[in-house]
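Note sheet for the following structure.
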Amino acid sequence: MAVVGRRFSRLSLPAKLFAVGLPVLLVAGILTVAVLILALPLVVSAAEDNLPLVRFLVAVVAVLLLTVPTAFLVIYLELKLIARMNLRIGPDRVGPFGAAQSVIHGLKVLTKEDFTPSGADRLVFTWAPVVVFMATVMTLLVIPFAPGLFGTDFNIGLLYVFAIGGLTIVGLLMAGWASFNKYSLLGGLRSAAQAISYEIPLSLSVVGVVILAGTLSLNQLVLNQAGSFLDWYVWQQPLGVLIFFIAAVAEANRTPFDLTEADSEIVAGFATEYSGMRFGFFFFAEYVNVFVVSALLVTLFFGGWTAPFDWPFPIEAPLDPGSLGITLLFLLAVVPVVATLLFALPFWLGRSSTPFWQALIIGFVIFNIVAVAAVLGWAFVSFDWVVGLLWFMAKSYVFVFVLVWMRATLPRVRVDQLMGFAWKWLLPAALLNLFVTASAVVILAELQ
Amino acid sequence: MSSIPGLGIVKGMGLTLRRFFQPKATIRYPEVRQDVPHRFRGRLQLLHDEYGTLKCETCFQCAQACPIECIDMGGHDTRGRYAVHWGPAETYGERREESALRRSGRTVPDPAYARFAPVDLAALESILEAHDYDPGAMLQILEATQTAYGYLPVAALKRISFATGAWYAMIYGTASYYSHLRFEPPAAAASPAGPATGAPEGGRPDAGYLAALDAALAGSGPGRVH
């Protein structure tokens, strides 16, 4: 042992780390594999017994993970599109075309001081952003992103969306109340008044669709609209779409109804006393809400993930990699190496000044790009949920664009105009829409 | 106009959408630098040499080159004898007070300015008449003026500039180029002092300047100044 100790003490630091780390890694790896082999059947069988629970956990994690890139993308789009409409370029310093700007904004908010006012109700103050954020995120659980790609096919999905979406008001009131600040309280009450007022026309405007479809399940609503774009409910419910859109804009606190935390005014409504990431979560929720509103609009009125015309994809092509059997493993092992070398070769031969390792790096990057493109193309051609997801996202981001476009154009309404519009115009219009739709359904049923 | 509700919104949205596709006004500054206008000359300031002496020799070239005539030159000529001015008439020293009053409401005294002595311009008028007020015949006008007055008074030069339309700075430059034209009365009439009583004016620089020059040049070469 003494000899080993002496030898070890003579090693340099990297060598010591290597000498210690390699055995540890080996042992840990073997142990992990052994545990997996022993425990995996148990875990799999347990998961099979509790499939709804597994589905729920996976859906919640997926939806939570989805919100982060969604919010970043919406914020980036907002920065960039409004800039273009102002004849500016917008962020172009961080990342390609400034794409990482919103990530940097998020990091900035994270590094700021998380301050709680001395008189605040700490518990409620802390939980208010969580409630607002979770209320937004939980609505995503029932939205069908693609055939088979949804958290759960709730038979009262639409009701769930409005019920959970209404929880946002609770969060806003919590924030206003717990801040120990009269301006926050007034801002919270103002937000709650706005949200509740617009909740009514919002809910009434979709009743027409519910009457037509005879279901509250969002998945079934999308399936009812399958076919061409002429089957979308927007043609049968034009007034309903308009009311839903306006009310949803108000629900999402977007321009021209963004009185709750009007950016350009001094006191930020219910968020006055918030700082750091708690403040960030309100805006996180707002930007996710923009996507949720667009997604709901697409799901209810614009056919969800269905293609708007006769779309050849996915084709039932014989492209099943599982049919290759053991050859697949062989290809997976060989193709990356061969392809990297093949892509690297022209760069190495073409310019004598390019060293081989540089050519290898270039070849590896090109191989990765080609491989990712090939896998994505294969998925696009073979799986209906990939195609559906693409259609759904494309349609949703069209409406995200419209929301941003409105923000670049419209001035903010006054608070009395806001309330008067909801109660004097939107609510009667929604009732009219409901009455006409119901009458038409009854009359058509009588005629046949 | 706004008889249809929502028409204003549609028009506004159309405007922003058109803006969306228009070329952008942003200049990516560190990478792209905007071309300055061709008449841009940077900041106006007088430069000093390394001994703190003003480099400006009152040559009026900057004032002549100024495309928008914003430079008002006021100074002394190279021998330190005459206050000379160049610029639009309202910025001349004799009219400075009222123009400054008009611009800022405060008087701006100009201690460097010395009012030139007025002279009888009757002889000059006949000379100008004879040369048809032609700025091309400037040398002949100046020679005739010197013959009439014995030298070239500043008041006469101003009158020539006004009558012929030539810039005062160009007349001054023409006059100072020829050694037979002078800006002062002949030496015999002006001063009886001989050359033995002191250094000629402008002949030798003052001692402090020479000492500074020596200190700066010490060890820099084999040559010695003065």
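Computed from a predicted model, the values in this text were never measured in an experiment. Within every chain, numbering begins at 1; the chains are lettered A, B, ... in the order of the sequence lines, protein sequences first and strands thereafter.
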Measuring heavy-atom distances to chain B, does A/I89 have an atom under 4.5 Å in its side chain, in its backbone, in both, or in neither?
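Contact with chain B involves both backbone and side-chain atoms of A/I89.
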
Taking side chain as everything from C-beta outward and backbone as N, CA, C, O, which of these in A/L81 sits under 4.5 Å from a heavy atom of chain B? Side chain, backbone, both or neither.
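For A/L81, heavy atoms of backbone and side chain both lie under 4.5 Å from chain B.
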
Within a reach of under 6.0 Å around OH of B/Y133, are more than 12 heavy atoms found that belong to other residues, nucleotides or ligands?
yes

What are the two closest heavy atoms between A/F229 and A/W235, and how far apart are they?
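Result for this residue pair: O-NE1, 2.7 Å.
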
Counterpart residues, side chain to side chain donor-acceptor pair (under 3.5 Å), relative to A/S203 (two or more places apart):
none

Which atoms of B/R18 approach chain A - backbone, side chain, both or neither, heavy atom under 4.5 Å:
neither

With only heavy atoms counted, which part of B/L17 is less than 4.5 Å from chain A, the side chain, the backbone, both or neither?
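Both backbone and side chain.
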
Do any of residues 92-109 of chain A come closer than 4.5 Å to chain B, heavy atom to heavy atom, and if so which ones, in number order?
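Listed by number: A/D92, A/R93.
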
Is the ring centre of A/Y287 less than 6.0 Å from the ring centre of A/F72?
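They do not qualify: ring centres at least 6.0 Å apart.
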
Students often mix this up, so state it plainly: with edges at 30° and 60°, are the rings of A/F399 and A/F302 parallel, tilted or perpendicular?
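Ring orientation, 0 to 90° scale: tilted.
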
Can you say whether the rings of B/F20 and A/F401 are parallel (under 30°), tilted (30 to 60°) or perpendicular (over 60°)?
perpendicular

Report the residues that fulfil side-chain contact (heavy atoms from CB on, under 4.5 Å) with B/A137, sequence neighbours left out, ordered by chain and then residue number.
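Expected list: B/H131, B/D134, B/Q140.
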
Apply side-chain contact (heavy atoms from CB on, under 4.5 Å) to A/Q237 and list each qualifying residue two or more places apart in sequence or on a separate chain.
A/V209, A/L212, A/F301, A/N433, A/T437

